[in-house]
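First comes the structure, then the notes that go with it.
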Amino acid sequence: MTFELQHNDPQSKARAGLITTDHGQIETPIFMPVGTVASVKAVHFHELREDIKAQIILGNTYHLYLRPGVEILEQAGGLHKFNGWDRPILTDSGGFQVFSLTANRKLNEEGATFRSHIDGSKHLFTPERAVEIQRSIGADIIMAFDECTPGDADYNYAKKSMGLTHRWLARGVKHFDATEPKYGYSQTFFPIVQGCVYPDLRRQSAEFVASQNRDGNAIGGLAVGEPTEKMYEMIEIVNEILPENKPRYLMGVGTPQNILEGIERGVDMFDCVMPTRNGRNGMLFTSQGIMNMRNEKWKNDFSPLDEFGTSYVDRVYTKAYLRHLFISKELLAMQIASIHNLAFYLWLVGEARKHIIAGDFSQWKRGMIEQLGRRL
RNA sequence: GGGCAGUUACCAAAGUGGCCAACUGGGGCUGACUGUAACUCAGCUGUCUUUCGACUUCGGAGGUUCGAAUCCUUCACUGCCCA
């Protein structure tokens with residue numbers, strides 16, 4: 001994987017770049033739709049490619065390991081062959097599940113023991129195992145196995161947690177460098193900064209991560225319960241330290257506003273379940289603000305879903321129709337909302353890129369932020 | 001014509017003398033959701049009130065009782081059975 005830094009915004013830390021992988025290129029800043037279990041929920045890859053214009057999607061090591069399992073993925077020839085997505089894939093390591101499945105896991109120095117949420121069986125994830133599984137999945141970008149520290153952790157917990165993440169990182173790097181890709185194309189490994197909301201920990205973590213000298217770096221442990229302002233502050237601190245000539249990936253973030261704020265602070269890659277999950281739950285993100293499609297006010301609004309939208313669903317379907325589909329619990333509702341939201345997210349980062357290149361990002365961003373927060 | 005059962009909030013349906021503005025579903029309304037255990041979760045859903053609380057309700061009318069959705073009388077309507 002290579003990264004070419006193409007433009008720096010004169011007014012901010014925002015930048016435009018180009019990532020090249022064996023499965024194609026990614027123009028940054030980019031949003032990566034989440035496809036946890038080898039599918040971006042409710043969306044066909046055809047739509048993802050042609051309408052949403054996704055350039056890279058996510059998969060999840062923990063979920064894919066449990067189902068369909070490493071053996072099936074290897075038999076298939078890797079995740080790309082298995083699910084038919086021939087563009088880049090990034091896999092999360094399972095570190096987020098250490099956070100989200102707290103009740104079902106135990107941590108120790110060696111790794112994390114999970115109790116499967118599917119059948120209760122026990123499984124040990126170590127930094128080495130996480131690399132191996134991701135080798136089998138065959139993702140273009142694989143993530144270090146970390147502990148995603150909760151946003152409300154106290155200093156002592158955060159410090160210990162960060163130490164564990166760093167020791168796991170060193171092991172992961174070592175194992176990655178000692179192993180080969182399984183399917184003939186190259187893979188790269190991103191380390192993850194932790195440190196919760198504590199500036200000195202974040203600095204220490206960013207320095208340790210940068211010292212690993214990987215192709216790209218990630219910022220984790222944000223948007224997990226801490227105040228938004230803290231998140232922005234941590235991004236600034238960390239990006240001062242992470243190298244400029246490598247992509248920076250802010251994991252799990254976020255709202256459209258979060259993404260623009262992240263871009264302004266020098267982040268290149270984002271992923272989040274919001275456009276898909278919130279979409280399935282009836283919420284639409286648009287350039288004019290957010291809409292709860294279940295609201296009664298859309299009942300007889302026969303205007304297009306989003307007159308400024310770029311997706312075909314924005315023109316073909318009306319607000320009243322989508323509301324009807326949600327109220328009736330029709331599956332099509334979730335498909336339309338997911339397609340719309342993802343197309344909007346990809347439009348948003350695409351516009352950000354254009355404005356960075358044009359040199360008026362900050363001005364454009366200010367106007368967008370104001371619009372995005374409105375409740376329609 | 002006779003017998004039996006029933007009538008509770010938007011719908012369905014509990015409650016059968018005080019703890020009942022009334023269980024529970026559904027429907028409706030509103031909100032939440034940030035590296036996906038999520039087509040999920042939470043709140044509200046008689047009226048007025050921010051809360052406390054006040055007021056009006058359980059087919060209609062009348063009655064018994066300190067007190068009735070619950071007991072009695074009667075009327076209306078619905079369902080089933082026998083003629």
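A note on names: the letters A, B, ... follow the listed sequences, proteins ahead of strands, and every chain is numbered from 1.
Where A/Gly95 and A/Met334 each meet RNA chain B at their nearest nucleotide, the meeting point lying more 5' is that of A/Gly95. The 5' end of RNA chain B is approached more closely, in terms of each residue's nearest nucleotide, by A/Lys329 than by the other of A/Cys272 and A/Lys329.
Base engagement by A/Asp146 is indicated by at least one non-hydrogen atom pair under 4.0 Å involving a base atom. The residue A/Ile327 sits close only to the backbone: its heavy atoms come under 4.0 Å of sugar-phosphate atoms, none of a base. A/Arg375 comes within contact range of the sugar-phosphate backbone alone, with a heavy-atom separation under 4.0 Å but no base atom that close. Nucleic acid contact class of A/Met143 (heavy atoms, under 4.0 Å, all strands): none. At the heavy-atom level, A/Asn60 lies under 4.0 Å from the strands shown only through sugar-phosphate atoms. Counting non-hydrogen atoms under 4.0 angstrom, A/Asn281 reaches a base of the nucleic acid. Using a 4.0 Å heavy-atom cutoff across all strands shown, A/Leu58 reaches sugar-phosphate atoms only and no base atom. Residue-level contact check: A/Gln97 touches the backbone only, with heavy atoms under 4.0 Å from sugar-phosphate atoms and none from bases. Using a 4.0 Å heavy-atom distance criterion, A/Gln335 is classed as making no nucleic acid contact. Looking at heavy-atom distances under 4.0 Å, A/Thr276 makes contact with a base.
The aromatic rings of A/Trp168 and A/Phe145 sit parallel, their planes meeting at an angle under 30°, below the 60° perpendicular limit. Ring planes of A/Phe344 and A/His340: parallel class, angle under 30° (limits at 30 and 60°).
Annotation: B/C20 and B/C29 have their C1' atoms spaced 25 Å apart (nearest Å). B/U47 and B/U57 have their C1' atoms separated by 10 Å, given to the nearest Å. Distance noted for atom P between B/U70 and B/C19: 13 Å (whole Å). A distance of about 28 Å separates the C1' atoms of B/C72 and B/C55, rounded to the whole Å. Rounded to whole Å, the C1' atom of B/A14 lies 13 Å from the corresponding atom of B/A9. Distance check on atom C1': B/G28 versus B/U36 gives 29 Å, rounded to whole Å. Between B/U24 and B/A42, the two P atoms lie 14 Å apart (nearest whole Å). Going from the C1' atom of B/G15 to that of B/A54 covers 25 Å, rounded to whole Å.
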Open item on the list: Assess the residue pair A/Thr91 and A/Gln134 against the criterion (side chain to side chain donor-acceptor pair (under 3.5 Å)); give the C-alpha distance rounded to whole Å, side-chain angles, the decisive distance to 0.1 Å, and a yes or no.
Closed with: CA-CA 7 Å; A/Thr91 41; A/Gln134 291 180 94; 2.8 Å; yes
- [ ] Give the intermediate values and the outcome of side chain to side chain donor-acceptor pair (under 3.5 Å) for residues A/Lys297 and A/Asn292.
- [x] CA-CA 10 Å; A/Lys297 61 187 161 197; A/Asn292 181 344; over 6 Å; no
Open item on the list: Please evaluate residues A/Tyr62 and A/Asp92 with respect to the criterion side chain to side chain donor-acceptor pair (under 3.5 Å), reporting the C-alpha separation (whole Å), side-chain torsions for both, the decisive distance (0.1 Å), and the verdict.
Closed with: CA-CA 8 Å; A/Tyr62 167 82; A/Asp92 182 35; over 6 Å; no
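The residue from A/Thr28, A/Asn8, A/Asp268 that alone fulfils the side chain to side chain donor-acceptor pair (under 3.5 Å) condition with A/Arg15 is A/Asp268.
B/G79: Watson-Crick or G-U partner is B/C4, with both key distances under 3.5 Å. Nucleotide B/C19: unpaired (no Watson-Crick or G-U wobble partner with both distances less than 3.5 Å). Pairing partner, B/C29: B/G43, with both Watson-Crick or wobble hydrogen-bond distances short of 3.5 Å. Nucleotide B/U50 forms a pair with no other nucleotide shown, judged by Watson-Crick or G-U wobble geometry with both contacts under 3.5 Å. When both distances must be under 3.5 Å, the Watson-Crick or G-U wobble mate of B/U65 does not exist. The pairing partner recorded for B/U74 is B/G60, the criterion being a Watson-Crick or G-U wobble arrangement whose two distances lie under 3.5 angstrom.
Between A/Asp177 and A/Arg214 there is a salt bridge, since a side-chain N of the basic residue sits under 4.0 Å from a carboxylate O of the acidic one.
Read 5' to 3', the first and last nucleotides of RNA chain B with an atom closer than 4.0 Å to a heavy atom of chain A are B/G27 to B/U40.
Looking at residues two or more places apart in sequence or on another chain, you find a salt bridge (Lys or Arg N to Asp or Glu O under 4.0 Å) between A/Lys182 and A/Glu74.
The backbone N or O of A/His324 lies less than 3.5 Å from a partner atom in the side chain of A/Ser328, making a donor-acceptor pair.
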